[in-house]
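One structure is given here, and the rest of the page talks about it.
All values reported here derive from a predicted model rather than from experimental measurement. Numbered from 1 within each chain, the chains take letters A, B, ... in sequence-line order.
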Number of protein chains: 2
Amino acid sequence: MSARPANPHLASEIISATAAIVEERGPEGVTMREVARRIGYSPTSIYLHFANKDELLDQTVNRAYEWFADEIESRQTGTSAVERIRQGAHAYLAWGLANPGMYRLMFEWGYLGDISPDAIFARRRSWRRNRQIVELGIEQGVFDRSLDSAVATDVMWVAMHGLTSLAISGRMYGNPNMVAADEVDRRAHALADALADGWLADWTATSPL
Amino acid sequence: MSARPANPHLASEIISATAAIVEERGPEGVTMREVARRIGYSPTSIYLHFANKDELLDQTVNRAYEWFADEIESRQTGTSAVERIRQGAHAYLAWGLANPGMYRLMFEWGYLGDISPDAIFARRRSWRRNRQIVELGIEQGVFDRSLDSAVATDVMWVAMHGLTSLAISGRMYGNPNMVAADEVDRRAHALADALADGWLADWTATSPL
DNA sequence: CGTCATTGTAAACGGTGTTAAGTTTCGGAA
DNA sequence: TTCCGAAACTTAACACCGTTTACAATGACG
């Protein structure tokens with residue numbers, strides 16, 4: 001078996017160090033040498049736990065997906081579908097604004113073929129829960145029965161991703177040199193409310209059951 | 001003046017070569033050495049025309065913004081605001097799907113502080129034209145007079161960016177290894193229609209003037 | 001006809017991901 | 001108790017990257 005006792009948590013520590021760099025310097029700031037420096041090992045040691053940098057980033061992102069999904073879920077405390085949709089929208093945006101580096105790594109990094117099945121599965125977790133909320137609204141009679149819950153879920157997702165992506169990148173309300181971060185936050189959250197208002201107005205059942 | 005006659009179009013050729021690489025290999029595939037190889041000069045020569053790689057990418061992106069804006073404008077042939085909004089949505093998505101590498105460079109690349117004022121100005125061109133279309137709809141009496149045209153414009157932009165970004169990245173309908181490209185196109189365009197339907201339903205004036 | 005700014009290059013620097021080869025360490029069999 | 005071998009870990013190197021420095025070639029102009 002193992003002739004030399006290794007640190008059993010080393011793989012986990014490597015991922016934590018990587019996640020820290022992603023937030024401090026962005027996805028482009030991650031280098032194998034910097035990760036090694038932080039964990040106190042040589043760069044080559046990382047390759048004992050991860051095949052290459054892509055796999056390291058992949059596992060880092062998969063852990064973040066679970067954190068992201070759990071965080072949003074924990075904020076959806078309301079009992080009605082309407083409440084949960086609004087809470088989900090603000091939680092999604094808030095997480096992205098608080099973790100911009102990780103958000104970019106999760107949703108805007110790498111080539112199409114580089115996404116692992118695990119990551120795709122993790123990403124779909126939130127989608128399925130959102131769809132359940134839409135269907136809850138249909139059951140509760142607040143959304144029209146003709147509403148396609150899959151399309152409605154996609155509508156919510158693309159709008160929230162677009163808002164978060166543009167707000168993070170500085171391409172929507174200007175970069176930090178021009179507009180203060182809290183001003184961007186305020187305007188982005190106001191737009192999240194406008195989006196939620198639009199969905200609810202659009203999907204509301206004209207005649208309650 | 002110039003003692004040695006230089007190629008007067010070299011700067012433009014450098015940008016063209018860069019744009020070609022962006023589409024073939026993505027923004028991460030651009031290297032000064034590869035650009036130099038394609039134009040038949042040494043890497044050092046690029047620095048006679050651009051201060052560094054960031055400035056080269058910046059000018060490449062600025063040229064693309066104009067192309068992008070012109071392309072969308074040329075597709076908005078309808079006379080009514082309703083027509084133009086739907087045409088604009090499909091044109092936006094189609095351009096992104098046809099030029100995914102450039103789209104990523106334009107909207108998802110680099111740090112917040114790296115965006116030049118020129119690029120910000122170019123990006124706002126489309127936004128202002130979209131707002132004019134919304135206001136045209138208000139004047140035409142098809143949109144409610146209480147509609148905030150700035151908010152409505154942001155709503156359209158974030159939704160179309162989110163849809164395009166996710167469709168390009170393979171994170172929405174699966175990557176090319178799983179789902180054929182034309183299937184992604186079809187579903188994305190269907191969602192663009194759903195988005196347009198939602199906006200129009202939401203903004204329609206309840207009592208026409 | 002020589003001056004000299006302009007155009008262009010080769011070579012190098014410190015950085016990157018990754019690999020090949022070597023060293024250290026220790027559980028467990030003899 | 002010794003010592004073998006496998007696992008853990010490192011050093012040195014490779015080819016690549018963006019960028020800079022030093023240098024050579026060119027040709028318009030005084």
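- In the set C/dG8, D/dG18, D/dA8, C/dG8 carries the atom at the smallest distance from any side-chain atom of B/L48.
- Using a 4.0 Å heavy-atom distance criterion, A/Y41 is classed as a sugar-phosphate-only contact.
- Here the C1' atom of nucleotide D/dA8 and the NE2 atom of A/H9 are 17 Å apart, to the nearest Å.
- Within 4.0 Å of B/T31, counting heavy atoms only, lie sugar-phosphate atoms of the nucleic acid but no base atom.
- With the nearest nucleotide of DNA chain C identified for both A/A51 and A/E34, A/E34 has the one nearer the 5' end.
- Here the nucleotide nearest the side chain of B/N52, chosen from D/dT19, D/dC9, C/dT18, is D/dT19.
- The pair B/E28-B/R104 meets the salt-bridge criterion, with a side-chain N (NZ, NE, NH1 or NH2) lying under 4.0 Å from an Asp/Glu carboxylate O.
- Taking atom CD of B/E28 as the reference point, atom P of D/dC16 lies 19 Å away to the nearest angstrom.
- To the nearest angstrom, P of C/dT19 lies 13 Å from CD1 of A/I46.
- Judged by atom type and distance alone, A/R33 does not reach the base of C/dG15 through any side-chain donor-acceptor pair under 3.5 Å.
- No side-chain heavy atom of B/V184 sits less than 4.5 Å from a side-chain heavy atom of B/M172.
- Taking the side chain of A/S42 as heavy atoms from C-beta on, and the options C/dA12, C/dT7, D/dT10, the nearest nucleotide is D/dT10.
- At the heavy-atom level, A/V30 lies under 4.0 Å from the strands shown only through sugar-phosphate atoms.
- The pair B/R131-B/D154 does not meet the salt-bridge criterion, since no charged nitrogen lies less than 4.0 angstrom from a carboxylate oxygen.
- Judged by distance alone, with hydrogens and angles left aside, B/T44 brings a side-chain donor or acceptor within reach of the base of C/dA10, the pair sitting under 3.5 Å.
- A straight line from NZ of B/K53 to C1' of D/dT20 spans 17 Å, rounded to a whole angstrom.
- Between A/Y47 atom OH and C/dG17 atom P there is a gap of 7 Å when expressed in whole angstrom units.
- If you measure from atom NE2 of A/H49 to atom P of D/dT10, you get 10 Å, rounded to the nearest angstrom.
- In this structure, B/H161 and A/H161 have parallel ring planes: the angle between them is below the 30° cut-off, well short of the 60° mark.
- Per the geometry, CG belonging to B/L57 stands 12 Å off C1' belonging to D/dG18, to the nearest Å.
- Counting to the nearest Å, the P atom of D/dA8 and the CD1 atom of A/I14 are 12 Å from each other.
- Relative orientation of the A/F107 and A/Y92 rings is tilted, given thresholds of 30° and 60° on the angle between their planes.
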